[in-house]
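Below, read A as the first sequence line, B as the second, and so on, with proteins coming before strands; counting in each chain starts at 1. This structure is a prediction, so every number in the text was calculated from the model and none was measured.
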There are 2 protein chains.
Amino acid sequence: MSTRVSPGRPFSVSHELILTTAIQIVDEEGADALTLRRLAKSMNSGTATLYRNFESREALIAQVVDRLFAEMEASMPEVAGLGWKQACRMLANHMFTTLRRHRGAAQLLIKAIPNGPNAMIQRERSLAILLNNGFSAPLAARAYATLARYVLGFAIQFSDNGASGEDDAKQAEAFHRLDWSAFPATLFVIGELPLPLDEEFSFGLDLMIYGLSELRKNDSNK
Amino acid sequence: MSTRVSPGRPFSVSHELILTTAIQIVDEEGADALTLRRLAKSMNSGTATLYRNFESREALIAQVVDRLFAEMEASMPEVAGLGWKQACRMLANHMFTTLRRHRGAAQLLIKAIPNGPNAMIQRERSLAILLNNGFSAPLAARAYATLARYVLGFAIQFSDNGASGEDDAKQAEAFHRLDWSAFPATLFVIGELPLPLDEEFSFGLDLMIYGLSELRKNDSNK
DNA sequence: ACCTGAACACCGTTCAAGT
DNA sequence: ACCTGAACACCGTTCAAGT
């Protein structure tokens, strides 16, 4: 697969290699492992060389992030024939799945809101679906912004905390130490927790889409 | 303020002082500034001394996090007479506000789900409200888990990225470079973006609460 | 002209040495 | 017995020196 947005400037080959290697590191070892030293070593180079292609670590990360949006765009499911609800669900799930596939990638999106070319294309596509389905400009803007934050917020929380075995053990132990009189509600629902991550995500997503459908009715009637 | 010598158990005063100082640093300089060296220097001490009170940086952060839950608990609004919708809204807003007041604090909650005593009390209180209002155990568990993730997900994204002036300038510049033919939907809603953060948060929260009210009806009728 | 080793000022963690 | 300076193995960034 070729790059969607090519710079066509000096250092482009090296530039390519750096981004590819960076994503590989994020995939295999998480966001914390993406250090300039680690990255340079993977390419048998030194950190100083990286500064020939990128102004700073932050700038490099911004381009890594846009790569992820390019990948999302390339593997985007077909939503043309679907209703807006189903389209929203698929787009949100697709973004969520992509971020989860690249382990700690979601954490890279925190610092700065994605502004790269591929992120812009994705926003355009999403807004167009809403506007073509009777959403007013203010409602479409709100719906898109909130849903995008929702997906990213969940993806961040599910991104890196790999050692669920150890965490779940601690959680279970803490629950067992609770006494009935002080924590009746917690113990009453204890069999339901913790929820599978995907289920938690889908549950909240459906709540929001349902709420949007109600707002849309009033929006259109007005 | 001078350092007091503890008469009773060893390190207890120092333990207190460390947590207080840590929160002060997070408030004033953000989560990134909370380094052990920075923390030790604030107390005219060395990093090694910190390891006398805390097993690791991670353990220290876990206790800082539970301090925030304690603060939330202490300033919790009265929700006894309110309906569950209004109670949910107030609890979610309160958690969001508390996390925002301590600038980068939300980022400290990512690594491990809060397990401290004060976090447990807060969960008990929230679950009890849902269960006392006709929610079944499965629905209450889902509602609580999803809302808690929602609040934290938003708080994280609004936590540290302080330089909104520079960011907004970049965003505006990027928007101006767009051409109408390629980005019609984006340009159509451009006047609506970016939304104020609180509005975005409230918008999504209301969507979820509305969706929950529908699920609750079926839940109770069953 | 292009590249990079080495330095600088940081980071979390450990432990031998000091009191 | 208690504390901590100093070391260790890292980090992002810079620049003089090498090719």
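Summary of the strand contacts: B/T47 and A/A33 both lie near DNA chain D, and taking for each the nucleotide with the nearest heavy atom, the more 5' one is attributed to B/T47.
The pair B/R142-A/E199 meets the salt-bridge criterion, with a side-chain N (NZ, NE, NH1 or NH2) lying under 4.0 Å from an Asp/Glu carboxylate O.
Proximity note for A/A48 (side chain, C-beta onward) versus C/dT13, C/dT4, D/dT13: the nearest is C/dT4. In the set D/dC3, C/dT4, D/dC11, D/dC11 carries the atom at the smallest distance from any side-chain atom of A/R38.
Straight-line distance from the CZ atom of B/F54 to the P atom of C/dT13: 13 Å, rounded to whole Å. Distance B/Y51 OH to C/dG12 C1': 5 Å, rounded to the nearest Å. A straight line from CG of B/L34 to C1' of C/dC10 spans 15 Å, rounded to a whole angstrom. Distance, A/L39 CG to D/dG12 P: 9 Å, rounded to whole Å. Rounded to whole angstrom, the span from the CZ atom of A/R52 across to the P atom of D/dT13 amounts to 15 Å. Look at NZ on B/K41: it is 16 Å from C1' on D/dG5, rounded to the nearest Å. Taking atom CG of residue B/L36 and atom P of nucleotide C/dC11, one finds them 9 Å apart after rounding to whole Å. With rounding to whole Å, A/D32 atom CG is found 15 Å from D/dG12 atom C1'.
Of all heavy-atom pairs between A/A137 and B/F188, the closest is CB-CE2, 3.8 Å. Taking each heavy atom of A/L207 and B/G211 in turn, the nearest pair found is CD2-C, 3.5 Å.
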**OP:** Step by step, work out the ring-ring contact (aromatic ring centres under 6.0 Å, His included) result for B/Y150 and B/F201.
**Re:** CA-CA 9 Å; B/Y150 176 82; B/F201 175 74; 5.6 Å; yes
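In terms of phosphate contacts, A/T35 brings a side-chain nitrogen or oxygen within less than 4.0 Å of OP1 or OP2 of D/dC11. Between A/T49 and C/dT4, a side-chain N or O to OP1/OP2 separation shorter than 4.0 Å is present.
Using modelled atom types, one finds a donor on one side chain and an acceptor on the other under 3.5 Å when comparing A/S42 with A/R38.
Scored by the side chain to side chain donor-acceptor pair (under 3.5 Å) test, A/Y144 finds A/Q122 as partners (sequence neighbours excluded). With sequence neighbours excluded, the residues satisfying salt bridge (Lys or Arg N to Asp or Glu O under 4.0 Å) with B/R67 are B/E16.
Counting non-hydrogen atoms under 4.0 angstrom, A/R37 reaches a base of the nucleic acid.
Rounded to the nearest Å, the gap between the P atom of C/dA7 and that of D/dC8 is 16 Å.
Base pairing in DNA chain D yields stems of at least 3 consecutive Watson-Crick or G-U pairs, both distances under 3.5 Å, namely C:4-8 with D:12-16, C:12-16 with D:4-8.
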